[in-house]
There are 2 protein chains.
Amino acid sequence: MASAGAQMKRQSRSNGTVTIRDIAGKAGFSPSTVSIVLNNAPLARYIPAETKERIHKVARQLGYRPNQLARSLRSQRNHTIGLIVFNITDPFCTPILHGIETALYQASYISLLADAHNDRSRFERYLEMLLERRVEGLIVVANWLVVQIDLLADLENRSIPTAVIGRKLSLGAVSSVMVDNEAGARMAVEHLYSLGHREIAFLRGPKVLVDTGQRWRGIRSFAQSTGLALDPKLILDLPKSFDPNEGFDAGFRLTEELLRRKLHFTALVAFDDVTALGAMRALTVAGVKVPQQCSVIGFDDVAPAALSFPPLTTIRQPMETMGACAVGLVADAIAESQTLPLHRKLAPELVVRQSTTKPATESQ
Amino acid sequence: MASAGAQMKRQSRSNGTVTIRDIAGKAGFSPSTVSIVLNNAPLARYIPAETKERIHKVARQLGYRPNQLARSLRSQRNHTIGLIVFNITDPFCTPILHGIETALYQASYISLLADAHNDRSRFERYLEMLLERRVEGLIVVANWLVVQIDLLADLENRSIPTAVIGRKLSLGAVSSVMVDNEAGARMAVEHLYSLGHREIAFLRGPKVLVDTGQRWRGIRSFAQSTGLALDPKLILDLPKSFDPNEGFDAGFRLTEELLRRKLHFTALVAFDDVTALGAMRALTVAGVKVPQQCSVIGFDDVAPAALSFPPLTTIRQPMETMGACAVGLVADAIAESQTLPLHRKLAPELVVRQSTTKPATESQ
DNA sequence: TCCCGAAGTTCGATTTAAATG
DNA sequence: GCATTTAAATCGAACTTCGGG
């Protein structure tokens, strides 16, 4: 009777999920044995092949699927990392995500995705959710991030390995992965300079972005070393914006402005590709031929850059590599439970397409 | 072997995480009481404000963060849905993800992201991982999906609410969200027809995609009802491909082919925007002006469509809405534990930009 | 079926120590 | 001691039950 009652205890599970106990019951062994066999734990050495087969067979029959929640609770590991992006619709974000995802898959991790929409409170809430779920690591894609994320350093980050892509936090144990903005910008002007351009317009990024300053520094240093004159009238700044996709309109308008002022320039360096596409449109609409009458160069090498007409010359950020690199940093930190932050600065690459050429021999 | 920490019943936790017991110990109450207070459970009615404050204060001091793994194990809910995409670099995918993410956030869900890379084994492994993590629902973004995903229907789907975006499975309890491809394609030809075009070229999609057949049906039905002649020589098919981004090259080459054969057409309907951009490039390179000498229309309205020159006229899929819709279906199914599959077909929208116009009065 | 709080069971799995022959 | 198996403790939280004012 007593045993019967005990058996009744866990009978049909409304849930429909199969537990290790169900297998134990049907196979005639204890849950411990089943666990040992299914995990091929050290103790499984002593278990006869017959028993093992039996258990495996029943597990297969019942369609057993181990509950990772329970397993994680016990093992304190869940093979999950949190992935916070600051705007998933940013074309710059996509290849990074791809790189991250591919690297995570190989490392048998999976990611909890959070899009902060460039909003601080949303970022904070997501961060809290991820921490409550006990993610083992955190990757933040901070491209075009306008809000401050110092809380990453403040908060609790001492304990959980974190990497930021596109930013470098001065405080805290946060690793970072960035492109070498200064070198990239230098490559851009250098490309135009070596083609013969001397009157170059610049659409700089919004001041709030770190990239803006870094890239400008690269341009200035090149100008100084070669004696290239930077005409202040040809230097415009993109307005602060929370949406990278607005760069197109901004680039369009700023270029219109340059043309309206009848300023003379044979080439234009845009802050990024989307801005460059906007600039190209303004030039084309105004009857200025790209690249014959004006060369245009972008930055990033996002997907639309190769699809435009003419295809855009640009400075490529190794986005997939950056994603993979961040995963590497976080995965290593988890494996070795180290906390010292590492900072990677990756090299950009000049991609010459058809939006740049030598300046026309005689004026515009 | 066993460290001192392990022997001491429950003292400092190397982990660093604070448990409900730690609070209980420090506040001088039992874990049960702490749990009741922190969750404001029914029984908390009887607990004096003083006790509550004390417990809350200690929780705050210690930086307590409830372990959702433990909570989920107990409650059988984890507020997580699995999100499988078939290629995150597809520009079509991005706005859908955005729509999904926004809707999930409002519903207090978070998503486990999986990119199947259009690979069946990878899809299967991810599916397994998600099920083991006991996701409450599943959303599959099946755009440009070449592999079969019948396993969704087969497998275990009876139990977990699932929605597919961009496909409709005949079997199983899988809900679906699709654009009305037939209506969309009809709108595209109708737009060109009403502008006066009669010689129209078509770049159809790969045969393996369901969308291809549906869109072609829309075009045929329009042609029949108006008497528009469809010249077989002007109808080409995109090759099978596992990467939607290859559509650009394919569109380029097929259009080159049309031009090389000296075929006459005043407008071109592309399978999707990326293909259309490829076609526009081929036309432009060949000296055919778009839209003056040849109109081009796409499908989808992905981001690059608005950035091209000329900006692309296209049939817009309500991608964000589709994402939100899928979330709605899944969330409702979870809440009401219903299993009957629902199928939503959303209306497309004609977006007239500048790649289409009236045909030139006299031939090409 | 008032007030206050604690003890004990449960979720599903892993792992230790221990019990059999 | 060895091969074979299992009871019991554990992970962290929630909830049911119970015992004194």
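So that the names make sense, note that chain A is the first sequence line, chain B the second, and so on, each numbered from 1.
Take the nearest nucleotide of DNA chain C for Ala70(B) and for Gly28(B): the residue whose nucleotide is more 5' is Gly28(B). Both Thr33(B) and Arg134(B) lie near DNA chain C, and the one whose nearest nucleotide falls closer to the 5' end is Thr33(B).
Of the listed nucleotides (dA13(C), dT15(C), dA13(D)), dT15(C) has the atom at the smallest distance from the side chain of Ile36(A). Nearest nucleotide to the side chain of Ser32(A), out of dC11(D), dG5(C), dT6(D): dT6(D).
Between Asp22(B) atom CG and dC11(D) atom P the separation is 11 Å, expressed in whole Å. Straight-line distance from the CG atom of Asn67(A) to the P atom of dT10(C): 18 Å, rounded to whole Å. The distance between atom CD of Gln68(A) and atom P of dA13(C), rounded to the nearest whole Å, is 9 Å. In this entry the distance linking CD of Gln76(B) with P of dA13(C) reads 10 Å, nearest Å. Rounded to an integer number of Å, the gap from Arg77(B) CZ to dA14(D) P is 14 Å. Rounded to an integer number of Å, the gap from CG of Leu69(A) to C1' of dC11(D) is 13 Å. In this structure, Ile20(A) places its CD1 atom 11 Å from P of dG12(C), rounding to the nearest Å. Distance CZ (Arg133(B)) to C1' (dA13(C)): 15 Å, rounded to an integer number of Å.
Counted by atom type alone, Asp90(B) and Asn143(B) present one or more donor-acceptor pairs between their side chains at under 3.5 Å. Defined by atom type and a distance below 3.5 Å, a donor-acceptor pair is missing between the side-chain atoms of Arg45(B) and Asn40(B). A side-chain N or O of Ser176(B) and one of His343(B) form a donor-acceptor pair less than 3.5 Å apart.
Leu131(B) CG to Thr17(A) OG1: the interatomic distance, rounded to the nearest 0.5 Å, is 11.5 Å.
Considering only side-chain N and O atoms, Tyr64(B) lies nowhere under 4.0 angstrom from the phosphate OP1 or OP2 of dG12(D).
For Glu50(B), the CD atom is loosely surrounded, since the number of other residues' heavy atoms within 6.0 Å does not exceed 12.
Arg71(B) comes within 4.0 angstrom of the backbone, heavy atoms only, and of no base.
Side-chain atoms of Ser35(A) and base atoms of dA13(C) include no donor and acceptor less than 3.5 Å apart.
By the ring pair (Phe, Tyr, Trp, His ring centres under 6.0 Å) test, Tyr64(A) is found to be paired with no residue, residues two or more places apart in sequence or in another chain being considered. Every residue two or more places apart in sequence or in another chain that forms a ring pair (Phe, Tyr, Trp, His ring centres under 6.0 Å) with Tyr105(A) is listed here: Tyr126(B).
Within a heavy-atom distance below 4.0 Å of DNA chain D, the residues of residues 37-55 of chain B found are Asn39(B), Leu43(B).
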